[in-house]
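Read the structure below first, then the notes.
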There are 2 protein chains.
Amino acid sequence: MLELAILGFLYDTPLHGYELRKRIAALTGHVRPVAESTLYPAIKRLEKAGLLARTTEPGAVAAPRHVLTLTEKGRGELLNRLAEPDRRDITDENRWFTVLAFLRHLPEPAAQADVLRRRLAFLEEPASFFYDGDRPLAAEELDDPFRRGVLTIARATSQAELTWLHATLESLEDAADS
Amino acid sequence: MLELAILGFLYDTPLHGYELRKRIAALTGHVRPVAESTLYPAIKRLEKAGLLARTTEPGAVAAPRHVLTLTEKGRGELLNRLAEPDRRDITDENRWFTVLAFLRHLPEPAAQADVLRRRLAFLEEPASFFYDGDRPLAAEELDDPFRRGVLTIARATSQAELTWLHATLESLEDAADS
DNA sequence: CGAAGATACATCGTCAACGATGTATTGAGA
DNA sequence: TCTCAATACATCGTTGACGATGTATCTTCG
């Protein structure tokens with residue numbers, strides 16, 4: 001998720017670590033803050049894998065900056081990760097939102113639609129958080145107000161997302177037709 | 001999150017590892033599956049910390065089972081974690097849902113309400129995923145349909161949750177009055 | 001009768017994330 | 001003038017999560 005965000009932000013423009021940190025904090029930080037001690041090792045990993053390159057710029061404002069640029073390999077890697085997200089990128093809302101935040105980088109509307117369809121398939125699976133044996137329970141069947149809350153909220157999210165998914169898929173298909 | 005779920009399930013009744021695994025999978029597995037190789041070490045950790053005890057039952061169906069029971073310390077620990085969730089338990093929906101799934105175990109309605117109020121405060125903070133400088137952007141201001149989706153979905157979730165939170169807080173306060 | 005799948009637990013190596021801490025500079029406010 | 005916050009990066013040790021793999025038994029279905 002973190003790596004995807006790094007690649008996603010750098011796809012647009014080269015950035016130094018600190019700026020990247022701020023952008024990632026803005027994107028997902030209010031929900032899931034990223035520690036500094038997680039970001040810098042992640043940058044190193046990506047650099048070691050040849051996905052990004054760094055050029056040291058002597059201190060413009062404070063300490064010297066390492067400006068990070070995606071390599072061609074890095075650009076390809078981002079597109080791969082976007083086009084073929086793994087199961088958890090689809091199911092976990094935090095990861096899914098990160099995919100969505102950068103999905104526009106995929107050049108083909110058809111490829112974008114494929115990703116949306118995977119999420120759609122997931123949302124259409126009959127699943128709950130609470131079961132009576134194998135049968136998923138509806139909010140109305142629960143006595144516990146807190147568990148009822150979980151289902152109420154999850155259902156509202158699901159509804160809103162399904163509406164959006166259908167609308168967006170339609171306009172992507174229109175774009176592909178023209 | 002995993003530890004909280006283990007403590008939460010065992011608070012009701014002793015279970016063996018495999019059954020615990022199935023319940024956790026039902027609770028959060030469709031969103032965030034938990035590997036077996038994560039569960040057993042987690043059980044060990046909790047055991048080592050004196051939060052749960054295991055009694056070996058000779059193989060009822062298949063291999064011998066380790067029936068896990070919460071100790072008094074374990075019961076206290078669960079209540080503590082529920083009453084004073086850390087910041088990430090409040091902000092991250094996955095963790096928050098786990099808190100909600102077991103919040104009924106807190107004996108005091110006032111304590112339950114305190115936890116809900118922390119979530120309420122978080123949801124009322126003005127935050128977006130996307131910014132123009134410092135100003136949070138609304139869905140309508142974005143060209144990117146995917147980013148617009150993120151905001152649309154997040155807003156729907158937020159609305160549903162706020163409605164539920166207010167209603168539930170009210171009924172908790174009524175319960176405390178009577 | 002044999003294979004497959006569910007039950008039930010465990011270990012190993014690796015990697016990713018975290019908190020704590022350190023280093024250095026610049027600009028703003030008290 | 002002094003301190004604090006922001007800028008900018010880095011390392012260290014620990015913990016937590018994961019995939020892969022191993023070991024058994026029992027049941028079910030072909």
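The chains referred to below are lettered A, B, ... by the order of the sequence lines, with proteins before strands, and numbering in each begins at 1. Worth knowing before you read on, the calculation uses all heavy atoms, side chains too, and leaves out hydrogens, waters and symmetry mates.
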Check your understanding: Does Tyr40(A) make a side-chain N or O approach to OP1 or OP2 of dC9(D) shorter than 4.0 Å?
Key -> yes

Check your understanding: Rounded to whole angstroms, how far apart are CD1 on Ile43(B) and P on dA17(D)?
Key -> 13 Å

Point to revise | Ring center gap for Phe129(A) and Phe97(B) short of 6.0 angstrom | key: yes

Review point. Where the side chain of Arg45(B) is concerned, which of dG19(D), dC12(D), dG16(D) is the nearest nucleotide?
Key: dG16(D)

Exercise for review: Report yes if at least one side-chain N or O of Thr38(A) is closer than 4.0 Å to OP1 or OP2 of dC18(C); otherwise report no.
Suggested key: yes

Point to revise | Whole-Å gap separating P (dC9(C)) and CD (Glu36(B)) | key: 9 Å

Check your understanding: Distance only, no hydrogens: is a donor on one side chain within 3.5 Å (strictly under) of an acceptor on the other, for Trp164(A) and Gln159(A)?
Key -> no

**Study point:** Any Arg32(B) side-chain N or O less than 4.0 Å from OP1/OP2 of dA17(D)
**Key:** no

Revision key, fill the gap. The single option from Arg119(B), Arg118(B), Arg95(B) that satisfies salt bridge (charged side-chain N to carboxylate O under 4.0 Å, His left out) with Asp89(B) is Arg95(B)

Check your understanding: Near DNA chain D, under 4.0 Å by heavy atom, which residues of residues 2-30 of chain B?
Key -> none

Practice item. Measure the distance from NE2 on His66(A) to P on dT25(C) and round it to the nearest whole Å. Key: 15 Å

Practice item. With heavy atoms under 4.0 Å as the rule, sort Arg54(A) into base, sugar-phosphate or nothing. Key: sugar-phosphate

Point to revise | side-chain N/O Lys44(A) vs dT11(D) OP1/OP2, d < 4.0 Å | key: yes

Review point. Leu70(B) and Tyr40(B): same hydrophobic cluster, using ILVMFWY side-chain contacts below 4.5 Å?
Key: yes

Check your understanding: Taking CG from Asp86(B) and C1' from dG19(C), how many angstroms apart are they, rounded to a whole number?
Key -> 13 Å

Check your understanding: Hey, which of these two, Val67(A) or Pro41(B), hits DNA chain D nearer its 5' end, going by closest nucleotide?
Key -> Val67(A)

Practice item. Grab the CG-C1' distance between Leu39(B) and dA20(D) for me, whole Å please. Key: 17 Å

Point to revise | Euclidean distance, atom CE of residue Met1(B) to atom C1' of dG16(D) [Å, nearest integer] | key: 13 Å

**Study point:** Residue Glu125(A) excluded, over 12 heavy atoms near CD under 6.0 Å
**Key:** yes

Point to revise | Thr38(A) side chain to Val34(A) backbone, donor-acceptor under 3.5 Å | key: no

**Study point:** Protein-nucleotide distance (Asp89(A), atom CG; dC18(D), atom C1'), rounded to Å
**Key:** 15 Å

Revision key, fill the gap. Rounded to the nearest 0.5 Å, the CG atom of Leu15(B) sits from the CG atom of Leu68(B) at a distance of 7.5 Å

